[in-house]
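Remember, it's a predicted structure, so these values are computed and weren't measured experimentally.
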Amino acid sequence: MSLTSSANGPQPVKGRSLWDDARDRLKANRAAVASMIVLALVTLVSIIGPYLSPHGFDQVYRDFVKVPASLQPYPQPEQVEPGLMNVLRRARLDAENFQRDGDTVSVRLTSSREIDPRSVQYVDRSDYFQNARLEDMAADGKSVTLKADVRKLHFYFGTDANGRDLMTRTMIAGRVSMTIGLLATVVAISIGVIYGATSGYLGGRVDQVMMRIVDVLYSLPFIFFVIMLVVFFGRNFVLMFIAVGAVEWLDMARIVRGQTLTIKRQEYVQAAEAMGVGNAGILRRHVIPNTLGPVVVYMTLLVPKVILLESFLSFLGLGVQEPMTSWGVLISEGARNLQGGVWLLIFPSIFLTSTLFALNFIGDGLRDALDPKDR
């Protein structure tokens, strides 16, 4: 054993494990590291962003339906006077002498009968103004000055066709889409790896029976499974997509079985068998770790597949339902409103595309880092 000197005397040199080599190779892959940063940022924004947003994901602004994305606050200067006049018109009040002083507006209200002080509630209920109050009321109560403060609402991604803030809904959609993708993928990988490795290593009649079960499940229509799961689990999308992951494991089982048939003929597996290591130990320490490359690549492909599957099911009315949303649902809505609101498609697409690219680059980096031939 190699020795190195230190203040306390000779110390053994610490060896490097295969996991250390894999970590160093992954760090050297700039695309994979950049993708992990992007994925971490998207995840952080999706988790924390809705708590910091001043708008609820289901809050409706009836006066700001399908407004474009803007860095300037709403209502914009040219919208203030028409907005106030529309509100007063709905309250059946006549207004004149509109004035604006900074963020405060004032008008003189007139009426053929005494003005009800509760009429200011119409102004407060609008999305344009707040803190409405009446001043300088005439003795007969038929004339009064109304003052109100102009709201400052920021819609950095614009609003949707129902007047809801698109930025908040995009961040909430990120939570839902990534949760669905990860839950279904973890379930599919867990079942598929164990099932496929067991089938391939044991071989013989056990392998034949286990693979025929997979073939039978392949022959059944997928939509039948989905409808059955929705009937069984209801509208709880978390439980439903755990069950969907339990169906998506079929491809993973075949991939791992093929890898296992090759790995079990390797010298290190035969040496472990000769030393008396049990089947469970060989699977855990030798077979499954050496299938990680294909498993990781398939996992990075399965996450976006499940996200797109969720979009399809939501379109059929079997997935995520209003007011909850997902990236797939937002993109579908944006595509339908593309002509009059291109921002409805652009922002959810940026988040979804960034996530899918990041997952693919991370998968390539992990495949290269975990490839046994590079060790």
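- For the atom pair R108 CZ and Q99 CD, the distance stands at 11.5 Å (nearest 0.5 Å).
- Both V256 and M210 are part of a single hydrophobic cluster, where members link through side-chain heavy atoms under 4.5 Å apart.
- The main-chain N or O of G196 is never found under 3.5 Å from a side-chain atom of S199 such that the two would form a donor-acceptor pair.
- Counting all heavy atoms, side chain and backbone alike, L330 lies closest to A173 at CD1-CB, 3.7 Å.
- Using a 4.5 Å cut-off between side-chain heavy atoms of Ile, Leu, Val, Met, Phe, Trp and Tyr, with links allowed through other members, L153 and V150 fall into the same hydrophobic cluster.
- Within a 6.0 Å radius of CZ in F361, no more than 12 heavy atoms belonging to other residues, nucleotides or ligands are found.
- Between K66 and A161, the shortest heavy-atom contact is CG-CA, 3.5 Å.
- Counting heavy atoms from C-beta outward, D207 and Y201 have side chains that stay 4.5 Å or more apart.
- Here T262 contributes atom OG1 and R257 contributes atom CZ; the two are 10.5 Å apart, rounded to the nearest 0.5 Å.
- For residues 40-59, every residue pair satisfying the side-chain hydrogen bond (donor to acceptor under 3.5 Å, both in side chains) rule, not counting sequence neighbours, is listed here: S53-T168, H55-Y61, Q59-Y61.
- Checking V105, D136, V107 one by one against L146, the side chain to side chain contact (heavy atoms under 4.5 Å, CB included) holds for a single residue, V107.
- In R212, the CZ atom is crowded: over 12 heavy atoms of neighbouring residues, nucleotides or ligands sit closer than 6.0 Å.
- Defined by atom type and a distance below 3.5 Å, a donor-acceptor pair is present between the side-chain atoms of D149 and T104.
- At a threshold of 4.5 Å between non-hydrogen side-chain atoms, the residues L344 and D160 count as touching.
- There is no path of hydrophobic side-chain contacts, each under 4.5 Å, that joins I350 to F357.
- Summarising the geometry, atom CG belonging to N131 is positioned 6.5 Å from atom CG belonging to D124; distances are rounded to the nearest 0.5 Å.
- Taking a 6.0 Å sphere around CG of L71, one finds it holds 12 or fewer heavy atoms contributed by other residues, nucleotides or ligands.
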**Request:** Could you go through the side-chain contact (heavy atoms from CB on, under 4.5 Å) check for V187 and L183 one step at a time?
**Result:** CA-CA 6 Å; V187 173; L183 277 177; 5.6 Å; no

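- L44 and W327 end up in different hydrophobic clusters when Ile, Leu, Val, Met, Phe, Trp and Tyr side chains are linked at under 4.5 Å.
- The main-chain N or O of L338 is never found under 3.5 Å from a side-chain atom of R336 such that the two would form a donor-acceptor pair.
- Contact detail for F351 and F157: the closest heavy-atom pair is CE1-CE2, 3.9 Å.
- Summarising the geometry of E78 relative to P82, their closest heavy-atom pair is O-CD, 3.4 Å, with the distance given to 0.1 Å.
- T159 and V65 make their closest contact through OG1-C, 3.8 Å (heavy atoms, listed as atom of the first residue, atom of the second, distance).
- Between V295 and Q259 there is no side-chain heavy-atom pair separated by less than 4.5 Å.
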**Item:** Step-by-step salt bridge (Lys or Arg N to Asp or Glu O under 4.0 Å) determination, R254 to D215
**Value:** CA-CA 10 Å; R254 284 188 167 182; D215 292 338; 2.5 Å; yes

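- To the nearest 0.5 Å, atoms CG (L39) and CD1 (I362) are separated by 5.0 Å.
- Partners of F129 according to the ring pair (Phe, Tyr, Trp, His ring centres under 6.0 Å) rule, which considers only residues two or more places apart in sequence or in another chain, do not exist here.
- For the pair M252 and Y298, the tightest heavy-atom approach, listed with the atom from each and the gap, is SD-CD2, 3.3 Å.
- Taking 4.5 Å as the limit, every side-chain heavy atom of Y74 sits out of range of all side-chain heavy atoms of D127.
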**Message:** Working note: F64 + Y128, criterion ring-ring contact (aromatic ring centres under 6.0 Å, His included); need CA distance, chi angles, decisive distance, verdict.
**Reply:** CA-CA 9 Å; F64 299 109; Y128 288 95; 5.1 Å; yes

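- Under a 3.5 Å cut-off, the side chain of R169 and the backbone N or O of P323 do form a donor-acceptor pair.
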**Intermediate values then yes/no, side-chain contact (heavy atoms from CB on, under 4.5 Å), L356 and V303** = CA-CA 8 Å; L356 299 186; V303 172; over 6 Å; no

**Item:** side-chain contact (heavy atoms from CB on, under 4.5 Å) between F57 and M171, worked out
**Value:** CA-CA 9 Å; F57 73 94; M171 293 186 291; over 6 Å; no

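- Residues I263 and V206 share a single hydrophobic cluster, defined by chaining ILVMFWY side chains whose heavy atoms lie under 4.5 Å apart.
- Rounded to the nearest 0.5 Å, atoms OG1 (T185) and CD (E248) are 8.5 Å apart.
- Between P50 and R175 there is a side-chain heavy-atom pair separated by less than 4.5 Å.
- Partners of Y195 by ring pair (Phe, Tyr, Trp, His ring centres under 6.0 Å), not counting sequence neighbours, listed by chain and number: W249.
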**Test log, rule side-chain contact (heavy atoms from CB on, under 4.5 Å), inputs E81 and M85** = CA-CA 6 Å; E81 183 176 357; M85 296 307 174; 4.3 Å; yes

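- Note: Q121 CD to S126 OG = 12.5 Å, rounded to the nearest 0.5 Å.
- Annotation: side chain of S70 is in contact with side chain of Q76 (closest heavy-atom distance under 4.5 Å).
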